[in-house]
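Everything below concerns the one structure shown next.
Every chain is numbered from 1 and lettered A, B, ... according to where its sequence line falls, protein lines coming before strand lines. Hydrogens, waters and symmetry mates play no part in the numbers below; they use all other heavy atoms, side chains included. Everything numeric in this text was worked out from a predicted model, so none of it was measured.
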Amino acid sequence: MRLFKKSVNLDIALTHLLSKKKQTFVAMMGVTFGISMFITMISFMTGVNEFMMELTLDGSPHVKIYHPIENKTVAMDSFAGSAEMTVLHHPKPKNELPKLKDGHIILEEISSLPEVSGALSQVSSQVFYNNGPVKFPGMVVGTDILKENELYNLTEKMIEGNITDLLTYQDGILMGLGLSKKLGASVGDRVSLTTPEGQTFFFRVMGIFAFGMGAIDDSRSYASISTVQKLLQVDPSYITDIHIKMKDYNEAKSLGVRLEQSYGYKAEDWETANEAVLVGEIIRNTMTYVVSITMLIVAGFGIYNIMNMNIINKMRDIAILKATGFEGSDVSKIFLYQSMIIGCLGGILGLLLGFIFSSGINQVPFPQNDFINIDTFPVNFKPFHYTLGIVFGVVTTLFAGWFPSRKAAKVDPVEIIRG
Amino acid sequence: MSTLALKADHISKSFYDPVTFEVLRDVSFEIEKSKFYSIIGKSGCGKSTLLYVLSTMDTDYKGTLELNGNVVTGQSQNELARFRNEHLGFVFQFHFLLPEFSVLKNIMLPALKLGKYSKSEIEDRAYEKLKLVDMTEHALKPASKLSGGQQQRVAIARSLINDPSIIMGDEPTGNLDQNNSRIIVDIFMKLAHESGQTIITVTHDLDIAAQSDNVIEMMDGKIISMT
Ligand SMILES: Nc1ncnc2c1ncn2[C@@H]1O[C@H](COP(=O)(O)OP(=O)(O)OP(=O)(O)O)[C@@H](O)[C@H]1O
Ligand SMILES: [Mg+2]
């Protein structure tokens with residue numbers, strides 16, 4: 001019986017909508033436009049965000065363990081226990097190497113942790129790259145190149161050359177694209193490096209890579225671990241960094257804290273290392289949501305106006321319905337159904353159109369660029385965004401229809417019928 | 001069981017805009033069940049106003065109104081709507097149909113709202129009522145495509161759809177020719193005398209008044225005679 005009553009109201013709502021097809025269509029288009037823009041913007045913006053995130057995450061460890069050189073001084077120790085007050089000016093740190101003691105054991109322990117997907121040890125050092133009389137500061141990283149490839153997909157990032165060449169040539173080096181440009185070096189050329197201790201060595205460029213991040217590409221080179229150890233004149237147990245990739249990168253922070261506690265070295269997680277990137281992402285996301293929601297609200301006002309006009313035009317009908325026994329709540333349902341139908345249909349169409357637009361953007365070729373390795377603009381296709389879009393669309397139209405429909409419920413039939 | 005269909009007790013109503021004007025002045029009367037009543041009087045004497053009060057649509061009056069033994073004065077709008085739906089049929093002075101709906105649908109809507117019968121039963125009943133007013137052939141036309149008199153006949157059919165105990169009409173035959181007018185009056189007589197429904201119509205047609213069981217005559221917001 002109740003269902004029956006409902007269907008009468010729905011029936012009337014549908015008849016009203018169909019008898020004013022043009023108006024219905026215009027109202028629907030408002031919602032469609034709002035939601036399709038919302039979907040397009042959010043898909044594109046989060047696509048870009050996620051791509052940048054991946055780019056950042058791709059080239060950096062989830063957790064990095066290293067030995068920070070602090071301004072620790074031994075001078076103070078000599079005065080310890082003395083009753084006099086001692087003032088120390090400009091203390092010099094003791095000569096400490098950034099070495100991870102028992103690095104290989106630490107690496108083995110970390111590699112066996114269940115939440116870790118891979119880990120490697122590196123010997124890294126600041127060096128100067130010489131191009132004639134000009135020196136460029138940079139880094140040289142001694143690493144197990146195959147392991148490095150496992151963690152960072154180095155093969156994909158190679159523009160020229162082959163990573164396995166490092167295994168065969170002792171003096172081979174893989175160089176970042178930006179750095180190679182600064183040095184004017186291409187594959188096969190010999191470049192010279194100067195260590196902080198002042199030794200100069202020659203290396204042969206075996207390959208050129210690009211991560212798409214200036215911080216890496218403009219300064220870094222890879223060489224084999226033993227080569228760099230030789231360069232720095234240290235023993236084969238000497239390592240400076242351990243890089244860890246997690247199975248779930250969200251757990252990096254907590255692992256970092258634990259590792260710091262158990263080994264006493266600095267363990268920096270990616271979020272801390274890339275704070276600036278994350279802040280940028282939050283700002284972009286906020287802007288996307290604000291703009292999209294504004295568009296939906298504008299569409300909502302459109303519906304509000306149309307429903308209001310609709311009700312003014314339908315005063316006579318409302319009066320007749322009430323005179324023949326329809327209650328205020330029935331009348332308000334009739335108009336609420338109308339805006340709901342407009343909202344739902346317009347919303348679904350909006351999702352569809354949004355999907356088409358974002359697929360379109362996803363087809364647009366990305367301007368060719370050595371640094372960034374994508375063919376087309378990055379776009380996300382997340383069910384969550386589509387759910388959000390339709391929920392938002394329906395809620396907005398519900399609100400937009402609510403006030404006019406309350407007004408319709410309060411129409412006094414006698415006033416209209418009296419003429 | 002009471003034989004009263006309607007009891008109006010000291011009903012007064014004033015309009016305040018633009019000046020205070022008392023349209024109904026202390027009107028009291030009773031209407032018996034299964035009778036055909038006519039209300040007559042000069043234009044502007046308050047007939048329509050009285051009928052709107054009796055129909056429960058206008059609640060802005062002083063006095064008490066009883067319909068079928070229930071005091072309806074003071075009931076909520078929703079209660080009144082439900083009461084109208086089930087017990088009252090109404091034909092307006094200016095035929096009022098829903099223009100977007102077919103003739104058939106116009107007649108069916110109050111019954112669909114009542115929800116007492118299934119949709120197909122309601123459709124059958126609607127065709128029955130259409131046949132009474134000789135409009136069957138126009139059943140599927142949109143209501144907006146009918147002549148004034150045709151619309152009025154459809155409105156009469158609609159007022160009958162829920163078999164209301166009281167049917168009120170504000171000049172229900174005002175737009176009809178003599179022949180159709182007589183058909184409607186015959187229907188009303190039959191409903192009153194054979195189905196036990198009560199008919200109250202405002203009319204200017206003295207022939208109709210002469211045929212009805214009782215005549216209420218109004219002047220300047222008062223009832224001056226009841227026969
Ligand atoms: N909304 C209103 N505001 C003020 N006065 C009104 C209003 N409606 C009706 N009146 C006045 O009330 C009086 C009675 O009107 P009503 O419509 O009841 O007359 P009636 O007897 O039905 O006339 P008719 O036979 O022409 O239909 C008239 O003088 C009219 O001017
Ligand atoms: Mg009148």
Side-chain angles (χ1 to χ4, degrees), chain A residues 1-24 307 309-335 337-338 341 405-419, chain B residues 13 15 17 23 48-49 51-53 55-61 76-102 105-119 122 142-144 155 158-159 161-162 164 168 170:
Chain A
M1 204 75 102
R2 272 199 69 77
L3 231 143
F4 219 58
K5 264 203 252 177
K6 263 188 205 155
S7 80
V8 185
N9 295 338
L10 189 60
D11 193 354
I12 297 172
L14 282 172
T15 309
H16 279 175
L17 285 178
L18 290 176
S19 67
K20 285 256 189 311
K21 288 198 188 71
K22 218 176 184 174
Q23 200 187 54
T24 309
M307 287 316 285
M309 259 168 42
N310 193 5
I311 282 162
I312 289 166
N313 290 335
K314 289 266 185 307
M315 279 299 186
R316 273 167 56 106
D317 297 46
I318 296 170
I320 297 165
L321 286 171
K322 286 192 144 188
T324 56
F326 284 77
E327 294 162 35
S329 61
D330 292 315
V331 173
S332 78
K333 268 183 215 155
I334 288 170
F335 288 95
Y337 282 146
Q338 294 186 38
I341 291 167
S405 78
R406 293 301 310 152
K407 198 163 107 186
K410 292 202 184 94
V411 167
D412 180 4
V414 200
E415 252 171 57
I416 314 293
I417 287 167
R418 208 159 20 216
Chain B
K13 178 173 173 71
F15 287 115
D17 199 26
V23 205
S48 295
T49 309
L51 210 61
Y52 293 139
V53 170
S55 75
T56 77
M57 279 192 282
D58 191 348
T59 52
D60 182 20
Y61 59 86
S76 77
Q77 288 295 340
N78 282 347
E79 283 171 309
L80 292 176
R82 257 170 279 149
F83 184 87
R84 284 197 293 275
N85 188 226
E86 197 170 353
H87 301 289
L88 287 184
F90 205 97
V91 188
F92 306 106
Q93 183 166 15
F94 310 102
H95 40 82
F96 281 98
L97 298 177
L98 299 174
E100 287 104 345
F101 292 82
S102 69
K105 204 60 183 275
N106 262 286
I107 298 173
M108 286 170 70
L109 279 177
L112 289 171
K113 162 66 190 164
L114 185 63
K116 199 160 123 188
Y117 299 102
S118 76
K119 196 164 176 171
I122 290 171
S144 54
R158 181 183 61 195
S159 74
I161 188 71
N162 284 344
M168 298 184 189
D170 195 350

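- A distance of 5.0 Å separates CD of Glu100(B) from CG of Asp317(A), quoted to the nearest 0.5 Å.
- In this structure, the separation between NE2 on His16(A) and CG on Leu98(B) is 6.5 Å, given to the nearest 0.5 Å.
- Interatomic distance, CZ of Phe326(A) versus CG of Leu114(B), reported as 10.0 Å (0.5 Å rounding).
- The CG atom of Leu109(B) lies 8.0 Å from the OG1 atom of Thr15(A); values are rounded to the nearest 0.5 Å.
- The main-chain N or O of Lys322(A) is found under 3.5 Å from a side-chain atom of Arg84(B) such that the two form a donor-acceptor pair.
- The heavy-atom pair separating Gly325(A) from Lys113(B) by the smallest distance is O-CE, 3.4 Å.
- The greatest number of non-hydrogen atom pairs below 4.5 Å with chain A, out of Asp58(B), Leu80(B), Asp170(B), is found for Asp58(B).
- Only the side chain of Tyr52(B) has a heavy atom closer than 4.5 Å to any heavy atom of chain A.
- Side-chain atoms of Leu97(B) and Ile320(A), non-hydrogen and from C-beta on, never get closer than 4.5 Å to each other.
- Contact of Ile12(A) with chain B is made through backbone and side chain together, with heavy-atom distances under 4.5 Å.
- Taking all atoms of both residues into account, the shortest heavy-atom contact from Arg158(B) to Thr324(A) is NE-CG2, 3.9 Å.
- Separation of atoms NZ (Lys119(B)) and CG (Asp11(A)) is listed at 5.0 Å; rounding is to 0.5 Å.
- In this structure, Gln77(B) CD and Asp412(A) CG are separated by 7.0 Å, a value rounded to the nearest 0.5 Å.
- Ranked by heavy-atom pairs under 4.5 Å with chain B, the list Ser329(A), Gly328(A), Ala323(A) is led by Ala323(A).
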